[in-house]
Amino acid sequence: MVWKSEIRKVMVMVLPVLLLCWEHNASVLCLLEFTREDFPLDFVFGAGTSAFQYEGAWAEDGKTPSIWDTFTHAGLVGESITDVASDGYHKYKGDITLMSDTGLEAYRLSISWPRLLPKGRGPVNPKGLEYYNNVIDELIKHGIQPHVTLHHLDIPQVLQDEYGGWLSRKFIDDFKELADVCFREFGDRVSYWTTMNEPNINAMSSFDYGYFPPNRCSFPFGDNCTRGNSTVEPYIAAHNMILAHSAVVQLYRQKYQAIQKGQIGINIYSIWFTPLTSSIEDAFATTTALDFILGWILNPLVFGDYPEIMKKNAGSRLPSFTSFESQQVKGSYDFIGLNYYYALYATYDPNISKADLRDITLDMFAKFTDMKDGTPISRILPPSHPTKDFHSLWKLLYYLKNTYNNPSIYIHENGFGFGVVDTINDLGRISFLSGFIGSVLDSIRDGSDVRGYFIWAFLDVYEWITGLTERFGLYHVNFEDTELERTPRLSADWYRNFLKDGGKIMIEKLCQQRAKAQSSQ
């Protein structure tokens with residue numbers, strides 16, 4: 001079977017070229033060379049959104065502000081459309097019908113903490129409880145697995161005001177209370193729980209760069225911040241997130257898992273780094289970057305402590321686990337969720353040793369460049385255009401298999417939208433998604449324990465840094481119209497065909513079907 005895997009890797013490289021030729025009117029027909037049936041029976045395909053980016057209804061039915069409500073109302077990032085967003089609070093039934101029509105087997109969503117617990121703790125908001133019960137029931141009715149994330153960046157503002165949010169260990173008990181409510185109320189129907197989304201990027205963007213609320217950072221590392229310490233606070237915040245995660249996993253295992261038979265894990269934003277040159281120094285810079293981005297969160301969960309290079313480079317700025325904490329953190333996952341979009345080149349930077357102050361990026365002693373055009377990347381942020389280095393995901397999964405004892409993996413986010421001009425006939429997105437899905441298939445055949453793949457996003461939503469200027473949705477949302485009309489993109493047709501009709505359909509045929517449908521309207 002090795003030869004089939006090698007052919008598959010070649011085809012993954014060829015497919016984007018064929019699609020590119022077709023986009024420029026060359027007479028090329030494109031055919032998927034794998035189908036849904038090539039994946040294991042229990043493998044799930046889905047798509048996702050998150051509460052703040054999707055729901056809207058920011059102050060409706062008892063919901064209180066999250067730190068993102070405060071942030072966007074202050075005009076600090078993106079368009080001020082988040083009060084309504086994609087209006088999922090009111091349109092979820094129609095959206096779930098679209099999910100069913102598309103053939104989704106699973107849907108990844110998150111709980112709005114201030115909608116469910118408006119004071120951050122204490123009394124449950126009955127309207128919030130009703131909403132999430134209705135969403136979950138509607139998904140089940142349509143045969144779609146709910147995969148629920150407890151915390152997707154939207155901390156209640158009241159807890160941020162009270163003690164500084166993730167910078168305080170008081171947050172651990174409040175997070176456990178949120179989790180307890182969710183397990184108790186929804187666990188009879190939800191079997192896949194993710195404690196939190198991207199603690200690594202959350203810590204960096206919120207407490208180093210200042211791009212996310214609570215907008216804490218310090219010169220010269222962050223932007224437009226009046227408070228914070230970029231050299232220390234990202235490490236403190238992430239440490240508390242890891243402890244909170246492990247406390248919630250312990251709660252679930254002790255109180256609910258035996259009865260509800262579910263699984264619980266954590267989500268990590270993941271990047272693949274490739275040495276810029278063949279030098280030993282660049283190879284070391286690459287492994288260091290992987291330890292800082294992935295190992296920062298994953299090493300404690302698998303081995304009970306941070307990577308040695310992190311402890312060496314960050315020194316006393318990196319908190320330590322007690323012996324008890326190490327034992328609680330180690331093994332605190334049933335699966336790992338990965339958000340994967342792109343790869344970067346890494347090269348060793350000896351000049352960093354001369355810096356008087358270092359943040360987490362400088363602690364890597366590396367410089368990064370875009371793999372497509374060589375643009376320098378000063379911070380760990382997405383490039384301005386989509387990558388099509390599909391094999392990089394295979395490399396990442398191979399690395400995880402061999403470095404971290406082959407954990408069970410869900411690709412929680414993979415999508416096409418960075419720097420993308422909004423379009424309905426999105427052939428580039430089809431190329432991107434099919435290439436990475438093929439890379440996942442290669443990884444499974446090579447022994448990686450990958451159990452699911454979710455496209456970001458099911459429909460257009462507010463994006464954290466860029467607002468509405470980048471669109472990731474399979475379904476277009478008309479944000480200029482009060483009805484926020486949903487229109488399937490060509491990629492939605494493609495995904496439907498892949499999931500429901502065997503997958504072997506030519507791109508030209510899809511375009512012909514779309515043109516015929518549009519002409520009849």
Handout entry: Donor-acceptor contact below 3.5 Å, side chain Ser66 vs main chain Trp68
Key = yes

Handout entry: Aromatic ring proximity, centroids under 6.0 angstrom, Phe212 and Phe71
Key = no

Exercise for the section: Indicate yes or no for a side-chain donor-acceptor contact from Ser246 to the backbone of Leu243 under 3.5 Å, with no hydrogens or angles considered. Expected result: yes

Exercise for the section: Go through the steps for Glu105 and Ile144 under the test side chain to side chain contact (heavy atoms under 4.5 Å, CB included), then give the verdict. Expected result: CA-CA 5 Å; Glu105 299 158 2; Ile144 300 171; over 6 Å; no

Practice task
May I ask you to decide whether Arg486 forms a salt bridge with Asp95, counting only side-chain N to carboxylate O separations under 4.0 Å?
Solution key: yes

Exercise for the section: Measure from the ring center of Phe207 to the ring center of Trp166 and say whether it is less than 6.0 Å. Expected result: no

Exercise for the section: Answer with yes or no after comparing the ring centroid distance for Tyr107 and His147 against a 6.0 Å cut-off, counting only values under it. Expected result: no

Practice task
Under the side chain to side chain contact (heavy atoms under 4.5 Å, CB included) rule, collect the residues that match up with Asp334, sequence neighbours excluded.
Solution key: Arg253, Gln257, Gln263, Ile264

Problem - All salt bridge (charged side-chain N to carboxylate O under 4.0 Å, His left out) counterparts of Asp359, not counting sequence neighbours - result: none

Problem - Residues Arg317, Asp363: salt bridge by 4.0 Å N-O rule - result: yes

Handout entry: Check: Tyr54 ring centre within less than 6.0 Å of Tyr89 ring centre
Key = no

Check: residues 411-422 side-chain donor-acceptor pairs under 3.5 Å, at least two apart:
residue	atom	partner	partner atom	Å
His412	ND1	Asn267	ND2	3.2
Glu413	OE1	Tyr341	OH	2.6
Glu413	OE2	Arg108	NH1	3.3
Glu413	OE2	Asn339	ND2	3.3
Asn414	OD1	Tyr453	OH	2.7
Asn414	ND2	Tyr340	O	2.7
Asp422	OD1	Arg489	NH2	2.3
Asp422	OD2	His476	NE2	3.1

Problem - Results of disulfide (SG to SG under 2.5 Å) for Cys182 - residues two or more places apart only - result: none

Practice task
Could you verify whether a donor N or O on one side chain and an acceptor N or O on the other, from Asp223 and Tyr211, lie under 3.5 Å apart?
Solution key: yes

Practice task
Answer yes if the side chains of His152 and Glu198 hold a donor-acceptor pair under 3.5 Å, and no otherwise.
Solution key: no

Practice task
Go through the side-chain N and O atoms of Tyr462 and Thr72 and say whether any donor and acceptor fall under 3.5 Å apart.
Solution key: no

Exercise for the section: Tell me yes or no: between the side chains of Ser50 and Gln53, is some donor less than 3.5 Å from an acceptor? Expected result: yes

Practice task
Answer with yes or no after comparing the ring centroid distance for Phe43 and Phe45 against a 6.0 Å cut-off, counting only values under it.
Solution key: yes

Handout entry: Pair Asp180, Tyr256: side-chain N/O donor-acceptor within cut-off below 3.5 Å
Key = yes

Problem - pair Arg189-Pro146: side-chain heavy atoms closer than 4.5 Å - result: no

Fill in the blank from the handout: One should read off an interatomic distance between Asn197 CG and Leu150 CG, to the nearest 0.5 angstrom, of 11.5 Å

Practice task
Output all residues satisfying salt bridge (charged side-chain N to carboxylate O under 4.0 Å, His left out) with Glu130, sequence neighbours left out; order by chain, then residue number.
Solution key: Lys127

Problem - Parallel, tilted or perpendicular, as decided by the 30° and 60° cut-offs, for the rings of Phe171 and Phe175 - result: parallel

Exercise for the section: Return the orientation label for the His73 and Trp58 ring planes: parallel under 30°, perpendicular over 60°, tilted otherwise. Expected result: perpendicular

Practice task
Please identify each residue that fulfils ring-ring contact (aromatic ring centres under 6.0 Å, His included) with Tyr333, with sequence neighbours left out.
Solution key: none

